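Counting convention: from 1, in listed order, for ligands and their atoms alike. The figures here come from the full heavy-atom set of this structure, side chains too, leaving out hydrogens, waters and symmetry mates. Treat the numbers as computed from the prediction; the structure is a model and nothing was measured.
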Amino acid sequence: MRFFLILGVLSIVTMQTASSAAGLNQPGDPSQNNGQLSWLKDSTAKLETELVAKHGETQRARAHRGLSQVASFWRAEDGDANAFETFVRTNFAGDQAALDAMFNRFEYNLEQINGHMGEISREFRTPSDLDVGPIAPYDDIFGAYDPSAHVNDDFFQNKLAFIVLLNFPLTTLEQRLSEGEKWSRREWAEARLAQRFSKRIPADVNLAVAQASADTARYIAEYNIWMHHLVDASGNRLFAPKLRLLSHWNLRDEIKADYSDTPNGLAKQRMIQQVMERIVTQTIPAVVVDNPNYDWNPFTNEVRPAAVKDAEGRKDREPAAGLELNAPEPNTRYAKLLLAFQAMQKVDPYSPTAPTHIARSFNEGREIPEARMKTMLEQLLSSPLVPQVAKVIEKRLGRPLEPFDIWYNGFRPRGAYTEAQLDEIVAKKYPTAEAYKNDIPNLLVHLGFTKERADYLAKNIVVDPARGSGHALGASMRAAPAHLRTRVEKGGMNYKGFNIAVHEMGHNVEQTFSLNNIDHTLLQGVPNTAFTEALAFVFQGHDLELLGLAKPDAQSQALKTLNDFWGTYEIAGVALVDMSVWHWMYDHPKASPAELRDATVQISKDVWNKYYAPVFSKRDVVLLGVYSHMIDSFLYLPDYPIGHMIAFQIEEQMEKAGNIGSEFERMATIGSVIPDLWMKKATGAPVGPEALLNATKKALSELK
Ligand SMILES: [Zn+2]
């Protein structure tokens, strides 16, 4: 799953540098430029005539487009009229042979630079990623260094980017959606090549975005609640000493864990809901954030100096002078969000056809139009299956739903084996990472790959000892293998480690096919991380069979489906809130943090009242506004529900096809075309919630 988060960070960068579009979909107007270059218009007109005279009338459209694209990005520092004209005369590919040669060279060389930069990053990160001894402070610096960070700037400076813009077309999402189906693979590869250079964001703007990103991330990373210091009306402490939970993820996970705490679970869950609501409304006392020195009753909002100590050695933090002990957090949450908004706004002028962060996020990051996304979310949220699943949950809980039950996690299948039994089986089979590595060909054959394909894939996967729980690191050039990082404990691999290794192996197989067995390296990969995760989950879902055990029965599968459906229902509302809040900020660019707070609270209530109140029988709940990614990840949340939908579509297709091996290879070599086109090629239908809804319907009847 970790790749979701990585995408969150990457997508911000992508939006500014590598991404699509449209930078200029009607790139015919050089005045779009900074307006200082008075000679541009005359030069482009003169050069168009000249190029057509030299290469023939058939090249007019290309020449016109290329000149306009170059002119749109040319700045004074790139050279005067003379330099511009010489550049165009030297670098326009006037016939097909010259264009083919240029395309091939760029494709090959970009593969080399991506691939080698990837190799450098991987090596620099070895001490932090692999279990190879202590990490020195300088290792962190090596690990954080991105050798490819300035490649696009360099390519504008040395004019390689301008050569691409002179010869290959920039496209809009509308074009890719409406015409893309008829494009040849080469045309798709050309579109992706040009997209790499569809933006040229000034360094100071990039810096502002990076700073806002770091600033909001720090705010979120330090937002802990000391749970032992939450007290109820009778002074009871429901949570253990030293328990420090990060908002909102750990708080949410505690709600989930509390379902199995029969005596105190419900009281704990209600208390956490209260804490979350006070975070959203910013009525939380500032002094209790990440501070074990105060006791707090989140219902009455009373604060007192802590009556018990459970965090010796921490520095005391006192309320600001002159303030009440329970003075609220001064809307810092919304001040940070405004900071993010203002930074993203700075990018707008350099993105004329996707002139808002919202447009860039949907048209360039996801390549799914916002309106379609909204329709899909609403289709899911208003599905008649929601009240049916809600009824099942109420029955299992033996009480009416309460708002925090949006995080209900009781659809856990009863496995045929205990975790301890599975640990024993796995440890015996895989005492070392080497043992797992040697078994990869067998595992792949078991999943339906031919012996030949299994051996080929296994040869391309290097197994390393992970420091963390495990991850997959693909290559970006064909000469390099994919890396599977897996964790093996001293007594052998445990079941959790195996389950993760199988998931990561799914990534590695996708990475291998989508780089090495694809027609164009410019189309390497899949449309976005939701697709690579969905493919990895296909592997992971068969982990028991790979151990030679029975696969989960129909009942267990039905429970798993309902769990996914309920999780998607929850996050779909959160995504709608995220989207509405960004629209509100663009509509009110001068808003104060307090105004943004009021708006977010209202939006959260509105979405709740429309899609949740009918099943929860309670109105005006603000819980949907608590997600931390809303503050630090800049409109990333819609990726989650869409990820679930995509996973079900791929799973459904795998079941239909019946053979994972060949179907997986077919899907993984479609490449990074737009999501809808990929999904049509893979399953016959565009991206949508139907597969998830079908599976849910089936799961409900299975449970009856
Ligand atoms: Zn993954």
Centroid-centroid under 6.0 Å between [X] and [Y] rings:
X: F539; Y: H503; value: no
X: Y408; Y: F404; value: no
X: F411; Y: W566; value: no

(message) When you measure from the Zn ion (ligand 1) to the N, O or S atoms of E504, does any of those distances fall below 2.8 Å?
(response) no

(message) Please determine whether H471 has a backbone or side-chain N, O or S atom lying under 2.8 Å from the Zn ion (ligand 1).
(response)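 Of the N, O and S atoms in H471, none lies under 2.8 Å from the Zn ion (ligand 1), which means no.
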
(request) Looking at H507, pick out the N, O or S atom nearest to the Zn ion (ligand 1) and give its name. (result)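 Distance check against the Zn ion (ligand 1) picks out NE2 in H507.
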
(message) Please report, to 10°, the angle around the Zn ion (ligand 1) from atom OE1 (E533) across to atom NE2 (H503).
(response) 90°

(message) Using a 6.0 Å distance limit plus a 45 degree cone around the ring axis, check whether R366 lies over the aromatic ring of F362.
(response) yes

